[in-house]
Amino acid sequence: MGNKRLLFVLNASQEYIKHTGEDAEKYASVTNYLFDAISETYLPLLRMLENLENDAVDFKLSLVLTPVLCTLLDDKEIQDQYVEWLDKKIEFGKKEINRTAGNPALQAVSKKTFEKYKQDKELFESYKGRLVRKFYEFRKKGLVEFIATCGTDVFMPFYNDMEEVMSAQVEAGILSYRNFFGDVPDGFWLPELGYYEGIEKIIKDYGINYTILDSRSFLFSKIEPKNGLFSPARFTNALVCFGRDYDSDSEIFGEEGYCHDVAYKNIARDVGFVLEPEALDPFISKGSIRYALGYSYWNKSLIGEDEAGNADDCRNLYDFEAAEKKCAEHARQFVSAKIEKLNKAASLIPDEDLSDVITIDANELRANWSEGILWLEKVIREASAQGIETALPKDIIGNPFKLQRIAPYYGSACKAGYAEELLSSKNNWMMRYARKASERMVDLAERFPAETGLKARLLNLGVKELMFAQSSGWAKMLNGEISPEYAEMRFKQSINDFTSVFDALGSNTVSTEWLTNLENAHQIFPWMNYRIFCRKH
């Protein structure tokens, strides 16, 4: 009987959203996404890793921390803004505790939330704001593996005829990985798990050993995988590929998924949407866009629309202990289902090592399930208690030439499977601009192969703006109507800035003040060399 393993891969991405000065207040509702992610995902994840280590739980976890996310988390201005944001949360919490004084049950929930933000500040300051460095400490201990990814969240199949563009995105991601983690990655994460035939050649040329595919790409291979999703396979060039578990998303996020249980916090019903405007100070000024403030007092029990707007409603109040118990119950169900699946596979595939690759999108987890990281911790504990090994992909590859060779099919991890939502009626206009700018960047790299000084700075800026525009995050925001005006503005700004670079190089004139201001505004990829867009053959 072979070994049975669970491979957990948590993918954490973020668009480059950074604003200072007057813009910080203007775009507070958008920058709130990043700060909320720090409090609801990255700090809880570090707490989870510390708890598991302190309790001597045997575990391994793979993380995809994108270059943009690492850049923002490492930015001193962002760190200072986050502490200021926490101070406002704490100040607002004091007002909420006073406001709910007449309702002891409601006040108890507000106090619990208030204490959470105080603990977030203490923990963040104990790390000196260096979250990426703290994650790296667990990597040095062999508990965590970082998987590299593209420079930005480009959906690679949309550029399958532009090898230079895809090579540049892969190279930017690997250079960022080296910049943050100091060495060469074993694995490479395809954004949205978007695969097309041929991308494996580019990835392998950069020394990558493995990647992960959506189950459809893996199972619809021209050569049928003999062990299904339970064993890694390889491409013709020996790049190893894993197929992800297609059941996990529906178990977690599906219509009857764990995240919808009535015991969990209803983060959509937040006081930021129901209190009178004058009560939302210091966060939201009168007339500004409303957004969630983190003080959500109710569970996910069904209620009427009239009740949803009542900030003093004491029915269906959130119970932290009940939610934690439900997390433990759902963790047992999840692990039991995975063990049952592995045991069934073992009965059909005897004497083989079997693995189940479980990928989790951190953004989707945070948007749907406040207790998601707590559930993940309990899943890992339950797996350890039941004797199921959690492993890292790099540790189970072995000799790739002993693996079955397959020829995967185009696909992605987008909800519909083939990225229709990234090219919908709401956002398809973006693609023609991004592709045209991509063509122009390849042309610029050919026309100016050895520039230095001001022109090199201009070309490097053009690459950054292009990579921002290529990110699928703006299309997702437009399609999901999540701050769509902002997403459209940022995309157009990147395209316009790139066009300004293109025109300046064509006319041989540039405003050094404009160039310097934009470089200071977008402090990402400090090592950038525009030659990554040069043709490789």
Min side-chain heavy-atom separation [X]-[Y] under 4.5 Å:
X: L61; Y: E145; value: no
X: L49; Y: V144; value: yes
X: F242; Y: I396; value: yes
X: M477; Y: K426; value: no
X: Y16; Y: T152; value: no
X: Y136; Y: F146; value: yes
X: L317; Y: R315; value: no
X: K338; Y: E251; value: yes

Taking the six-membered ring for Trp, are Y82 and W85 parallel (under 30°), tilted (30 to 60°) or perpendicular (over 60°)?
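Aromatic pair Y82/W85 classed parallel.
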Where do [X] and [Y] come nearest, in terms of heavy atoms and distance?
X: G294; Y: D270; answer: N-OD2, 2.9 Å
X: V357; Y: G243; answer: CB-O, 3.8 Å
X: V335; Y: V379; answer: CG2-O, 3.5 Å
X: G272; Y: R290; answer: O-NH1, 3.2 Å
X: R216; Y: S412; answer: NH2-O, 3.5 Å

Go through the structure and list residues passing side chain to side chain contact (heavy atoms under 4.5 Å, CB included) with [X], not counting sequence neighbours.
X: E488; result: W429, L478, K492
X: N368; result: F253, C259, E364
X: P225; result: F218, S221, Q404, I406
X: A385; result: none

Would you list the pairs meeting salt bridge (charged side-chain N to carboxylate O under 4.0 Å, His left out) in which at least one residue belongs to [range], sequence neighbours left out?
range: residues 147-158; value: none
range: residues 367-386; value: D55-R381, E324-K378, E377-R381
range: residues 389-398; value: R5-E389

T359: partners by side chain to side chain donor-acceptor pair (under 3.5 Å), with sequence neighbours left out
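Listed in chain order: R244.
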Under the side chain to side chain donor-acceptor pair (under 3.5 Å) test, which residues partner N51, sequence neighbours left out?
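Partners of N51 under the side chain to side chain donor-acceptor pair (under 3.5 Å) test: none.
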With a sphere of 6.0 Å drawn around CD1 of I289, does it hold more than 12 non-hydrogen atoms of other residues, nucleotides or ligands?
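Incorrect, the count does not exceed 12.
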Enclosure of R139 CZ (heavy-atom neighbours >12, cutoff 6.0 Å)
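Count over threshold, so yes.
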Less than 4.0 Å between a side-chain N and a carboxylate O, is that true for [Y] and [X]?
X: K134; Y: E137; answer: yes
X: R269; Y: D313; answer: yes
X: E50; Y: R47; answer: no
X: R490; Y: E15; answer: no
X: D353; Y: K4; answer: no
X: R133; Y: D74; answer: no
X: K222; Y: E197; answer: yes
X: E96; Y: R99; answer: yes

Counting distance only, does the side-chain N/O of S231 pair as donor-acceptor with the main-chain N or O of N227 below 3.5 Å?
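No, the answer is negative, given that no donor and acceptor are paired below the 3.5 Å cut-off.
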Which residue pairs pass the ring pair (Phe, Tyr, Trp, His ring centres under 6.0 Å) test when at least one of the two sits in residues 335-373, sequence neighbours left out?
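Passing the test, one end in residues 335-373: Y264-W369, W369-W375.
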Sequence neighbours left out, what pairs pass ring pair (Phe, Tyr, Trp, His ring centres under 6.0 Å) with at least one residue falling in residues 51-73?
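Passing the test, one end in residues 51-73: no pairs.
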Please assess K116 against E40 for the test salt bridge (charged side-chain N to carboxylate O under 4.0 Å, His left out), listing each intermediate value before the final yes or no.
CA-CA 10 Å; K116 176 200 177 303; E40 301 302 325; 3.4 Å; yes
Under 6.0 Å between ring centres: does that hold for Y27 and Y33?
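Distance test on ring centres: not under 6.0 Å, no.
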Can you confirm whether or not the ring centre of Y195 sits under 6.0 Å from the ring centre of Y410?
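Centroid separation for Y195 and Y410: 6.0 Å or greater.
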Test ring pair (Phe, Tyr, Trp, His ring centres under 6.0 Å) on F283 and Y295; report intermediate values, then the result.
CA-CA 12 Å; F283 271 100; Y295 283 80; 8.5 Å; no
Are Q386 and S336 close enough, and set up right, to give a side-chain contact (heavy atoms from CB on, under 4.5 Å), and what steps lead you there?
CA-CA 9 Å; Q386 296 205 34; S336 295; 4.1 Å; yes
Evaluate side-chain contact (heavy atoms from CB on, under 4.5 Å) for C414 paired with L422, printing each intermediate quantity in order.
CA-CA 9 Å; C414 295; L422 300 183; 4.0 Å; yes
Partner residues of Y318 under the ring-ring contact (aromatic ring centres under 6.0 Å, His included) criterion, sequence neighbours left out:
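Here the qualifying residues are F320.
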